[in-house]
**Student:** 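Before anything else, here's the structure in question.
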Amino acid sequence: MKEMDVVCGAIQIDDKFLIARRSKGADPGFWEFPGGKVEQNESREDALIRELKEELDVDVEVIQYLCSIDDQRENFILHVHAFLCQIKKGTPLLQVHDEMKLVNACELYDYKFQKADLEILNHINQLMKI
């Protein structure tokens with residue numbers, strides 16, 4: 001079975017988090033924390049910085065690691081590594097998604113995420129309670 005390492009960034013702006021809705025490709029209509037594939041010889045943090053520049057045209061600072069989850073699909077397994085980020089430069093622009101929102105941690109559960117992403121939502125909510 002094919003396996004792939006991917007990263008996603010929970011971009012925190014004040015007390016809210018940026019989420020984006022996939023418009024096409026795999027899982028259209030689902031909300032996610034933007035990110036993408038880790039390339040060969042690339043650190044997870046560097047991959048996240050590159051992917052968020054490509055997807056949202058922003059420069060980010062990776063603040064901390066949140067968690068890793070395994071999302072088993074029909075023909076492959078995604079190893080998803082989530083990080084908390086902040087924007088250093090730029091305003092997020094839609095390039096590969098059709099909508100984005102800023103929501104409070106507790107509101108994340110109101111959006112249609114992949115079932116495997118629930119652990120990421122839980123980590124964010126725990127972090128915000130500290």
Side-chain angles (χ1 to χ4, degrees):
M1 184 172 285
K2 184 178 177 182
E3 298 184 31
M4 185 184 319
D5 264 356
V6 297
V7 290
C8 67
I11 299 173
Q12 186 174 5
I13 300 172
D14 298 322
D15 63 342
K16 297 187 178 197
F17 294 88
L18 186 145
I19 59 173
R21 189 173 63 193
R22 297 182 63 89
S23 59
K24 55 188 172 202
D27 309 320
F30 280 90
W31 290 86
E32 66 179 4
F33 298 104
K37 183 179 176 183
V38 178
E39 301 292 343
Q40 189 173 356
N41 300 319
E42 186 177 44
S43 74
R44 292 172 182 158
E45 292 85 350
D46 287 344
L48 184 57
I49 290 167
R50 175 185 52 76
E51 285 286 347
L52 293 178
K53 182 67 172 176
E54 290 173 7
E55 289 192 3
L56 299 173
D57 196 28
V58 293
D59 296 325
V60 299
E61 177 183 5
V62 178
I63 304 299
Q64 75 179 63
Y65 167 80
L66 291 173
C67 65
S68 293
I69 58 173
D70 290 334
D71 186 359
Q72 186 154 351
R73 302 293 179 97
E74 188 174 319
N75 298 320
F76 60 95
I77 298 173
L78 289 177
H79 301 289
V80 183
H81 310 284
F83 295 85
L84 180 67
C85 305
Q86 290 181 336
I87 295 175
K88 292 190 317 188
K89 181 180 173 191
T91 300
L93 300 172
L94 291 174
Q95 304 200 88
V96 298
H97 299 91
D98 64 2
E99 189 174 351
M100 68 179 148
K101 292 186 180 212
L102 284 175
V103 299
N104 292 317
C106 61
E107 295 173 323
L108 292 169
Y109 299 105
D110 297 337
Y111 292 85
K112 181 181 170 186
F113 281 85
Q114 288 290 340
K115 203 177 286 188
D117 290 339
L118 181 60
E119 188 171 339
I120 299 171
L121 305 185
N122 291 342
H123 271 81
I124 291 169
N125 271 276
Q126 284 299 320
L127 179 70
M128 295 307 290
K129 290 179 183 173
I130 296 174

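In this chain, residues are counted from 1 in sequence order. As the structure is a computational prediction, the values presented were derived from the model and not from experiment.
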**Student:** For the backbone of D14 and the side chain of Q12, can you confirm whether one donor and one acceptor N or O come within less than 3.5 Å of each other?
**Tutor:**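 Yes; judged by distance alone, with no hydrogens or angles, the pair exists.
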
**Student:** What are the two closest heavy atoms between G9 and C85, and how far apart are they?
**Tutor:**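 Heavy atoms of G9 and C85 come nearest at CA-SG, 3.9 Å.
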
**Student:** Testing T91, L93, L52 for side chain to side chain contact (heavy atoms under 4.5 Å, CB included) with D57, which one passes?
**Tutor:**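 Filter result, single survivor: L93.
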
**Student:** Hydrophobic cluster membership, with links at side-chain heavy-atom distances under 4.5 Å among I/L/V/M/F/W/Y: are L48 and M100 in one?
**Tutor:**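 Yes; M100 is reachable from L48 via cluster members.
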
**Student:** Using ring centroids (six-membered ring only for Trp), state whether F33 and F83 fall under 6.0 Å.
**Tutor:**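 No - the distance between ring centres of F83 and F33 does not fall below the 6.0 Å cut-off.
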
**Student:** Which atom names give the shortest non-hydrogen contact between N125 and A105, and what distance separates them?
**Tutor:**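 Nearest heavy atoms, N125 then A105: ND2-O, 3.0 Å.
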
**Student:** Quick one: do Y111 and L66 end up in the same hydrophobic cluster if we chain Ile, Leu, Val, Met, Phe, Trp and Tyr together by side-chain heavy atoms under 4.5 Å apart?
**Tutor:**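 Yes: a chain of side-chain contacts under 4.5 Å links Y111 to L66.
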
**Student:** Report the distance from atom SG of C67 to atom CD1 of I124, rounding to the nearest 0.5 Å.
**Tutor:**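 Those atoms lie 8.0 Å apart.
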
**Student:** Hydrophobic cluster membership, with links at side-chain heavy-atom distances under 4.5 Å among I/L/V/M/F/W/Y: are L84 and Y65 in one?
**Tutor:**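 No: no chain of side-chain contacts under 4.5 Å links L84 to Y65.
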
**Student:** Take atom NZ in K53; do more than 12 heavy atoms of anything else shown fall under 6.0 Å from it?
**Tutor:**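 Yes, enclosed.
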
**Student:** Are I120 and L78 connected into the same hydrophobic cluster when the rule is that any two of I, L, V, M, F, W, Y join if their side-chain heavy atoms are below 4.5 Å apart?
**Tutor:**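 Yes, same cluster.
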
**Student:** To the nearest 0.5 angstrom, please state how far the CD1 atom of I69 sits from the NE2 atom of H79.
**Tutor:**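 That separation rounds to 11.5 Å.
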
**Student:** Is I11 reachable from F30 through a run of I, L, V, M, F, W or Y residues, each pair having side-chain heavy atoms under 4.5 Å apart?
**Tutor:**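 No, F30 and I11 fall in different hydrophobic clusters.
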
**Student:** Closest approach of G90 and V58, non-hydrogen atoms and distance?
**Tutor:**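 The pair with the smallest heavy-atom distance is C-CG1, 3.9 Å.
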
**Student:** Does a salt bridge link D59 with K88, judged by any charged N lying under 4.0 Å from a carboxylate O?
**Tutor:**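 Judged by the 4.0 Å cut-off on N to carboxylate O distance, D59 and K88 do not form a salt bridge.
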
**Student:** Could you state the interatomic distance from CG (L108) to CG (L121), rounded to the nearest 0.5 Å?
**Tutor:**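 Result: 5.5 Å between the selected atoms.
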
**Student:** Does the side chain of V6 reach to within under 4.5 Å of the side chain of D71, using non-hydrogen atoms?
**Tutor:**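 No, too far: nothing below the 4.5 Å cut-off.
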
**Student:** Measuring only between side-chain heavy atoms, which start at C-beta, is Q114 closer than 4.5 Å to R73?
**Tutor:**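 The answer is yes, as the side chains (C-beta and beyond) meet within the 4.5 Å cut-off.
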
**Student:** Can you tell me how far CG of N75 sits from CE of M1, rounded to the nearest 0.5 angstrom?
**Tutor:**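 If I round to the nearest 0.5 Å, the distance is 7.0 Å.
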
**Student:** Which of these passes side-chain hydrogen bond (donor to acceptor under 3.5 Å, both in side chains) with E32: K112, H97, R21?
**Tutor:**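 So, applying the side-chain hydrogen bond (donor to acceptor under 3.5 Å, both in side chains) to E32 and each of K112, H97, R21, only H97 qualifies.
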
**Student:** What are the two closest non-hydrogen atoms of L18 and P92, and how far apart are they?
**Tutor:**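 Between these two residues, the closest heavy atoms are CD1-CG, 3.6 Å.
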
**Student:** Please examine the side chains of N104 and K16, heavy atoms only from C-beta on, and report whether any two atoms are closer than 4.5 Å.
**Tutor:**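 K16 reaches N104 side chain to side chain.
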
**Student:** Shortest non-hydrogen contact from H81 to S68?
**Tutor:**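 For H81 versus S68, the nearest heavy atoms are ND1-OG, 2.7 Å.
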
**Student:** Starting at CD of Q86, measure out to CD of Q64 and round the result to the nearest 0.5 Å.
**Tutor:**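 If we round to the nearest 0.5 Å, Q86:CD and Q64:CD are 10.0 Å apart.
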
**Student:** Quick check for you: to the nearest 0.5 Å, what is the distance between L56 atom CG and Q95 atom CD?
**Tutor:**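 Reported to 0.5 Å precision, the distance equals 7.5 Å.
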
**Student:** Any salt bridge linking K101 with E107? Criterion: basic side-chain nitrogen under 4.0 Å from a carboxylate oxygen.
**Tutor:**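 Looking at E107 together with K101, the answer is no, because their closest N to O distance does not fall below 4.0 Å.
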
**Student:** Judged by atom type as modelled, is there a donor-acceptor pair below 3.5 Å linking the side chain of E55 to the main-chain atoms of V96?
**Tutor:**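 Here the side-chain-to-backbone pair does not exist.
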
**Student:** Considering all heavy atoms of both residues, which atom of D117 and which atom of W31 are nearest to each other, and what is their separation?
**Tutor:**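 Residues D117 and W31, closest heavy atoms: OD2-O, 4.3 Å.
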
